[in-house]
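Input: a single structure, listed below in structure tokens.
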Amino acid sequence: MANAPSSSSPVIRDIIAARVSRREMLKGSLASGALIAGGSFVGSLFAGETHAAAALSTLGFPELKRVYDKTHAAAEGYETTIVARWGDALATGLPEFDGNKAAAEEQEKRFGYNCDFIAFMPLPKGTVNSDHGLLCVNNEYISPNVMFPGMTEDDAGKTMNKEQVDLGMAAMGHSIVEVMLKDGKWAIVEDSPLNRRITATTEMTLSGPAAGHALMKTSADATGAKVFGTSYNCSGGFTPWGTVLTCEEGVSDIFGGDPKKAPISDILARYAFDGSDIYGRARFHDRFDLDKEPNEANRFDWVVEIDPYDPQSTPVKRTALGRMSHEASTVVVNKDGRIVVYMGDDDYFEYIYRFVSSKAHDPANPASGKDLLDDGVLSVARFDADGTMIWLPLVHGQGKLTAENGFADQAEVLLKTRFAADALGATPMDRPEDIETNPVTGRVYAVMTKNKKRDQSKVNPANTRPENLWGHIVELIPPGGRGTEADHTAEKYQWDLFVLCGNPKEAAVGATFHPDTSDNGWFVCPDNITFDPAGRLWVATDGANDFDLPDGVYGVDTEGAARGLPKLLFTCPHGAEATGPCFTPDGTTLFLSVQHPAEDAETLDKAATLWPDFTDGQPPRPSVVAIRRKDGQPVGA
Ligand code: FEO
Ligand code: CA
Ligand code: CA
């Protein structure tokens with residue numbers, strides 16, 4: 001970390017001083033209130049408050065020792081099962097998977113590549129069963145350098161043949177897999193009629209204000225409301241009416257052509273389209289060539305709603321949720337029944353968003369949720385130095401969002417969400433990844449994974465470190481009270497920095513974990529998070545490999561004397577990222593996606609691991625893992 005910023009820099013000193021005084025204010029004014037009840041602030045600034053906290057951690061397992069190795073590992077007392085691997089059959093009658101002979105048509109019936117977000121949707125629908133359900137898993141991207149012999153990452157776009165390109169299109173998207181727990185082991189139900197792949201060719205509809213807009217029309221679709229496929233599905237969410245939300249996170253590099261020559265060059269530039277076509281799609285499919293079909297680009301980077309319980313259902317791209325590098329789409333049912341969706345736009349200096357539905361959800365009639373996500377107000381977050389957070393509405397006709405400023409109507413506000421957020425003065429963040437709500441406290445946690453591009457002139461109250469290589473977690477505090485009393489529709493929240501990540505022993509890093517954090521417990525680059533039923537935060541990391549450490553999963557208390565004290569539960573094999581953590585309703589299984597094992601290899605023959613099968617001559621396989629306590633008790637307890 002030769003370029004690590006100095007914690008003695010004036011900017012950092014001023015910001016920390018401001019945080020201290022604000023925290024003192026918060027403590028003074030709210031100490032007796034519900035908002036920070038039981039809370040002791042993270043970090044050395046408040047070390048005096050947190051004596052003996054390690055012993056008070058609610059996490060009962062012995063911490064795993066970090067090893068960066070060929071295989072994964074879990075803490076003592078835990079066991080792991082590989083549930084679904086790239087290529088596993090989702091239908092009967094398929095030959096045994098051979099990674100060297102993988103083909104597009106068959107891949108449509110097999111588990112996809114690079115698994116990411118997981119939603120566990122219980123079976124039968126409407127139950128809270130924890131031993132039978134659908135695993136709904138995003139397959140974010142492909143890693144050609146460890147899929148195809150002799151291919152490098154840089155060469156893939158130019159050298160993949162049509163069969164490989166089409167395999168890539170079929171291996172990305174989303175996998176829906178029926179799974180059952182038997183004798184403590186999860187397994188796929190291979191012949192389930194509910195098993196389904198959603199790929200780059202699956203027919204979908206566009207709905208909400210931007211559907212049918214002129215900028216959505218292509219030569220293949222004069223309606224601007226019918227689109228094929230989804231790609232770069234990163235994180236997501238699920239709704240109380242039994243659907244899954246899958247997020248398209250920045251599709252810019254699957255398009256070829258010259259974005260500068262396109263009639264929508266300004267939009268393409270703001271959404272980072274560079275014509276790089278890294279998986280060779282434009283060479284074989286005109287719709288991915290910006291020279292031929294520029295508007296096809298506008299039909300991606302949305303949130304897609306899928307009904308996993310109906311394999312014939314048509315997925316819907318919900319444009320009211322905005323267009324961005326969608327990371328999460330975490331759904332909260334507000335106390336008045338309105339549906340709230342928290343979303344991050346995962347790119348450097350992008351923003352945090354919230355959607356609030358116009359109508360309330362009726363739990364007695366779950367089907368009424370069908371179109372709740374088409375009508376509501378999308379807002380973007382501004383973090384102020386006094387600890388206030390304001391949601392700025394992205395509504396056509398309000399403030400600067402007028403025709404004179406380039407927004408002809410609400411459809412254009414949504415198609416150009418990033419421009420609209422710029423115009424309102426939202427706070428640029430350090431790559432906002434996942435956002436989740438603590439079911440016990442009602443507080444919301446937003447993860448900034450890292451931002452090497454932020455220099456000293458660009459630090460702000462919620463992103464305090466220049467060249468932030470380690471990431472941090474921001475705590476959003478809605479008004480109204482704990483748990484279900486929290487008002488997730490309020491215009492004004494309070495906020496705090498929950499933790500600044502990195503090695504606490506390196507003073508220049510400025511990490512603010514709990515002072516009792518062990519050498520195995522601190523982490524970098526938080527990405528996906530989830531909460532267990534007891535309200536403990538679980539963090540999956542993406543980026544530790546840059547520090548020659550394994551990515552993994554850490555449990556963290558968010559309140560009480562052990563607030564901000566992480567413990568390591570699970571480590572990934574070499575080159576892999578931990579992502580998509582998801583609990584069964586009873587908390588006894590933690591599903592986790594292990595994405596891109598060995599991806600750092602230049603070519604397949606140099607792969608550092610052939611996880612999880614370790615079969616000579618076969619490529620590594622991204623997989624979903626189930627983590628359980630050997631005694632079947634809840635994970636973390
Ligand atoms: Fe796909 Fe934002 O990580
Ligand atoms: Ca990531
Ligand atoms: Ca992610």
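For ligands, and for the atoms within them, numbers begin at 1 and follow the listed sequence. In this text the structure is predicted, and so the values were computed from the model without any measurement.
- Rounded to 10 degrees, the OE1-metal-OE2 angle spanning E433 and E249 at atom 2 (Fe) of ligand 1 equals 150°.
- Note on D542: its N/O/S atom closest to the Ca ion (ligand 2) is OD2.
- Summary: OE1 is the N/O/S atom of E327 found nearest to atom 2 (Fe) of ligand 1.
- Sorting the N, O or S atoms of D527 by how far they are from the Ca ion (ligand 2) puts OD2 first.
- Within D346, the N/O/S atom positioned nearest atom 2 (Fe) of ligand 1 carries the name OD2.
- N233 approaches N138 most closely through the heavy-atom pair O-CB, 3.1 Å.
- Remark: R85 fails to qualify as a cation-pi partner of W611 under the 6.0 Å distance and 45° angle criteria applied to the six-membered ring.
- Between SG of C234 and OE2 of E140, the angle at atom 1 (Fe) of ligand 1 works out to 100°, rounded to 10 degrees.
- For the residue pair V146 and E599, the shortest heavy atom distance occurs at CG2-CA, 4.3 Å.
- Looking at R621 and D88, a side-chain N of the basic residue comes within less than 4.0 Å of a carboxylate O on the acidic one, giving a salt bridge.
- Nearest to the Ca ion (ligand 2), among the N, O or S atoms that E433 has, is OE2.
- Residues H326 and Y353 keep their aromatic ring centres 6.0 Å or farther apart.
- Coordination check, D116 versus atom 1 (Fe) of ligand 1: failed, since every N/O/S atom of the residue sits at 2.8 Å or beyond.
- Remark: K450 engages D546 in a salt bridge, criterion side-chain N to carboxylate O under 4.0 Å.
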